[in-house]
K.L.:
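Once you've had a glance at the structure underneath, I'll fire off some questions.
Start at 1 and go down the list; that is how both ligands and their atoms are numbered. All values below were derived from every heavy atom in this structure, side-chain atoms included, with hydrogens, water molecules and symmetry-related copies excluded.
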Amino acid sequence: MFSLFAGFVSPQLSTTFYDNSCPSALQIIKNTVDAAVQKEKRMGASLLRLQFHDCFVQGCDGSILLDDTPTFTGEKTALPNNNSVRGFDVINTIKANVESACKQVVSCADIVAVAARDSVVALGGPYWDVLLGRRDSLTANLSQANTDLPGPQLNLSALESAFSKKNLSVNNMVALSGAHTIGQARCITFRNRIYNDTNINASFALSLRANCSTSSSNDSNLAPLDTVTSTIFDNYYYRNLLSEKGLLHSDQELYNGKSTDSQVSTYANNTANFFMNFTKAIIKMGNISPLTGTAGEIRLNCSKIN
Ligand code: HEM
Ligand SMILES: *[C@@H]1O[C@H](CO)[C@@H](O)[C@H](O)[C@H]1NC(C)=O
Ligand SMILES: *[C@@H]1O[C@H](CO)[C@@H](O)[C@H](O)[C@H]1NC(C)=O
Ligand SMILES: *[C@@H]1O[C@H](CO)[C@@H](O)[C@H](O)[C@H]1NC(C)=O
Ligand SMILES: *[C@@H]1O[C@H](CO)[C@@H](O)[C@H](O)[C@H]1NC(C)=O
Ligand SMILES: *[C@@H]1O[C@H](CO)[C@@H](O)[C@H](O)[C@H]1NC(C)=O
Ligand SMILES: *[C@@H]1O[C@H](CO)[C@@H](O)[C@H](O)[C@H]1NC(C)=O
Ligand SMILES: *[C@@H]1O[C@H](CO)[C@@H](O)[C@H](O)[C@H]1NC(C)=O
Ligand SMILES: *[C@@H]1O[C@H](CO)[C@@H](O)[C@H](O)[C@H]1NC(C)=O
Ligand SMILES: *[C@@H]1O[C@H](CO)[C@@H](O)[C@H](O)[C@H]1NC(C)=O
Ligand SMILES: *[C@@H]1O[C@H](CO)[C@@H](O)[C@H](O)[C@H]1NC(C)=O
Ligand SMILES: *[C@@H]1O[C@H](CO)[C@@H](O)[C@H](O)[C@H]1NC(C)=O
């Protein structure tokens with residue numbers, strides 16, 4: 001059946017996109033993610049963050065995966081990404097495994113979206129059906145990565161703006177921030193908070209200073225974003241905020257006497273509500289400006305355009 005409106009309607013993503021063209025794709029991705037997370041639990045966090053950093057720059061198009069070359073500037077050295085985003089090797093391994101099953105069918109952008117879901121599931125979080133059919137970009141945008149990816153110094157209204165620029169609501173923003181229930185952050189991203197912020201639990205701040213001195217030699221030292229259960233996708237991120245134990249300044253902004261406090265309290269008390277709203281929000285994030293139809297390409301190697 002051809003749609004009567006073909007040519008007028010931009011193709012939509014669909015959960016069944018590869019059912020005929022590459023029926024084993026989802027299982028292959030899951031197996032590779034499971035192996036990687038089993039080897040290093042933090043990898044689940046890194047793969048989740050990769051989808052966020054992909055989708056917020058030019059949409060969910062795999063642009064973050066592109067390497068710099070002498071004639072091409074990618075997004076990997078943007079300030080929020082440099083020495084910080086991880087998981088490229090896992091994405092490339094997934095791609096190689098999927099390519100051996102189905103030649104040039106499954107996009108890198110879709111692999112990123114599915115790997116994020118499988119990572120959340122592997123760490124105990126909710127399952128959702130990933131919409132598929134994204135294609136891969138021919139371009140990247142370093143300056144957009146620098147302007148559009150929110151930084152840890154942002155206040156609540158700046159965070160709201162960064163998400164609203166991507167058509168994500170404050171509600172979506174608070175739920176998506178629950179991703180910080182897993183993973184690690186470098187000292188450089190929370191140093192100012194643990195020495196200067198006043199809305200931080202004093203003993204929590206003190207304990208973090210041991211491994212995050214004011215010397216730049218400690219810039220890369222890591223601390224867990226969720227101080228209680230950093231390898232389990234649960235609602236401790238929100239529970240920590242209630243006791244002023246958010247690691248990033250931006251985290252604690254969500255529970256600092258303003259409009260989002262009530263949402264944080266609800267999620268802190270209701271994992272099912274968090275999981276439901278996180279799921280809705282990440283599906284929406286995955287719909288940001290995808291390339292579909294004949295736009296872009298299906299990369300053979302996620303690190304470079306064909
Ligand atoms: C609300 C605005 C956000 C800000 C300001 C923010 C900021 C940050 C920062 C500064 C780090 C540590 C980076 C480093 O050490 O270099 C981080 C890590 C992380 N972020 Fe966010 N983030 C935000 C939203 C999100 C969203 C929406 C997701 C995913 C849905 C996400 C997932 C993660 C994960 C999983 C990590 C840990 C990564 C790892 O351990 O490799 N973040 N974030
Ligand atoms: C990225 O990090 C490298 C060190 O790994 C550093 O040499 C380079 O200056 C950084 N680039 C930017 C744009 O910050
Ligand atoms: C990159 O993004 C910036 C800021 O969003 C935009 O102004 C610019 O046109 C983009 N560059 C390209 C080449 O698309
Ligand atoms: C939030 O940060 C923005 C940008 O730095 C600033 O203009 C604004 O005044 C801040 N808002 C509040 C309520 O502090
Ligand atoms: C947000 O919605 C507006 C209006 O529908 C649209 O023009 C814009 O492209 C959307 N932006 C993103 C990033 O999806
Ligand atoms: C604390 O704030 C002061 C004043 O803004 C600043 O000079 C100092 O560098 C900050 N300290 C840290 C560790 O970030
Ligand atoms: C700060 O955290 C410590 C250790 O978890 C806890 O014992 C203390 O009650 C907290 N302080 C405040 C003011 O909440
Ligand atoms: C930086 O951190 C390490 C732990 O990784 C610590 O042993 C060292 O003393 C710290 N350096 C400074 C200058 O504080
Ligand atoms: C200190 O930082 C190092 C390097 O990132 C990290 O491996 C270690 O787990 C941290 N130690 C503590 C107590 O946070
Ligand atoms: C979760 O989403 C539902 C439906 O959109 C909404 O009614 C509810 O307020 C949300 N929960 C929180 C804590 O924002
Ligand atoms: C959590 O729920 C319990 C009972 O349902 C209630 O007594 C408590 O006040 C709630 N806590 C928060 C932080 O909302
Ligand atoms: C993919 O491309 C990158 C960047 O050009 C290259 O380093 C890598 O070896 C390629 N991988 C494969 C499997 O060809």
K.L.:
Tell me whether atom 7 (O) of ligand 8 lies less than 4.0 Å from at least one protein heavy-atom position.
P.N.:
no
K.L.:
What is the closest protein heavy atom to atom 9 (O) of ligand 2, and at what distance does it sit?
P.N.:
Asn82 ND2, 4.8 Å
K.L.:
Do ligand 6 and Asn196 have nitrogen or oxygen atoms that lie under 3.5 Å from each other?
P.N.:
yes
K.L.:
Side-chain contact, heavy-atom cut-off 4.5 Å: Asn306 with Gln104?
P.N.:
yes
K.L.:
So which protein heavy atom does atom 14 (O) of ligand 6 come closest to, and at what separation?
P.N.:
Asn192 OD1, 3.1 Å
K.L.:
Measuring from atom NE2 of His53 to atom CG of Asn81, what distance do you get when rounded to the nearest 0.5 angstrom?
P.N.:
6.0 Å
K.L.:
How long is the gap from CG on Leu66 to OG1 on Thr73, to the nearest 0.5 Å?
P.N.:
11.0 Å
K.L.:
Could you work out, for atom 13 (C) of ligand 2, the closest of Asn81, Leu142, Thr77 by heavy-atom distance?
P.N.:
Thr77
K.L.:
Suppose I only count heavy atoms of Asn211 and a 4.0 Å limit; which atoms of ligand 8 are within that range?
P.N.:
4 (C), 5 (O)
K.L.:
Does the protein put a heavy atom under 4.0 Å from atom 2 (O) of ligand 2?
P.N.:
yes
K.L.:
Who's the nearest protein heavy-atom neighbour of atom 5 (O) of ligand 8, and how far?
P.N.:
Asn221 ND2, 3.2 Å
K.L.:
For Ser215 and ligand 8, does the shortest N/O to N/O distance drop below 3.5 Å?
P.N.:
no
K.L.:
What do you reckon, does Thr214 have a nitrogen or oxygen under 3.5 Å from a nitrogen or oxygen of ligand 6?
P.N.:
no
K.L.:
Of Asn240, Asn235, Asp234, which is the lone residue that meets side chain to side chain donor-acceptor pair (under 3.5 Å) with Thr181?
P.N.:
Asp234
K.L.:
Provide the number and element of each atom of ligand 2 under 4.0 Å from a heavy atom of Asn83.
P.N.:
1 (C), 2 (O), 3 (C), 4 (C), 5 (O)
K.L.:
So if I count the atoms of ligand 6 from 1 in the order they appear, which ones are less than 4.0 Å from some heavy atom of Tyr195?
P.N.:
13 (C)
K.L.:
Considering only heavy atoms of Ser213, which atoms of ligand 8 have at least one such atom less than 4.0 Å away?
P.N.:
12 (C), 14 (O)
K.L.:
Mind checking whether Lys76 and Asp67 have side chains closer than 4.5 Å, heavy atoms only?
P.N.:
yes
K.L.:
Would you compute the distance between atom CD1 of Ile305 and atom SG of Cys108 and round it to the nearest 0.5 angstrom?
P.N.:
12.0 Å
K.L.:
Quick check on atom 11 (N) of ligand 6 - does any protein heavy atom sit closer than 4.0 Å to it?
P.N.:
yes
K.L.:
Please check: side-chain N/O of Glu75 versus main-chain N/O of Val57, any donor-acceptor pairing under 3.5 Å?
P.N.:
no
K.L.:
Against heavy atoms of Asn218, which atoms of ligand 8 measure under 4.0 Å?
P.N.:
1 (C), 2 (O), 3 (C), 8 (C), 10 (C), 11 (N), 12 (C), 14 (O)
K.L.:
Knowing that exactly one of Phe275, Phe274, Tyr255 qualifies, which makes a ring pair (Phe, Tyr, Trp, His ring centres under 6.0 Å) with Tyr238?
P.N.:
Phe274
K.L.:
Between Asp226 and Arg239 (salt bridge meaning N to carboxylate O under 4.0 Å), is one present in this structure?
P.N.:
no
K.L.:
Please assess Glu40 against Arg86 for the test salt bridge (Lys or Arg N to Asp or Glu O under 4.0 Å), listing each intermediate value before the final yes or no.
P.N.:
CA-CA 12 Å; Glu40 187 208 3; Arg86 309 168 73 242; 2.9 Å; yes
K.L.:
With heavy atoms of Ser217 as the reference, note each atom of ligand 8 found under 4.0 Å away.
P.N.:
11 (N), 12 (C), 13 (C)
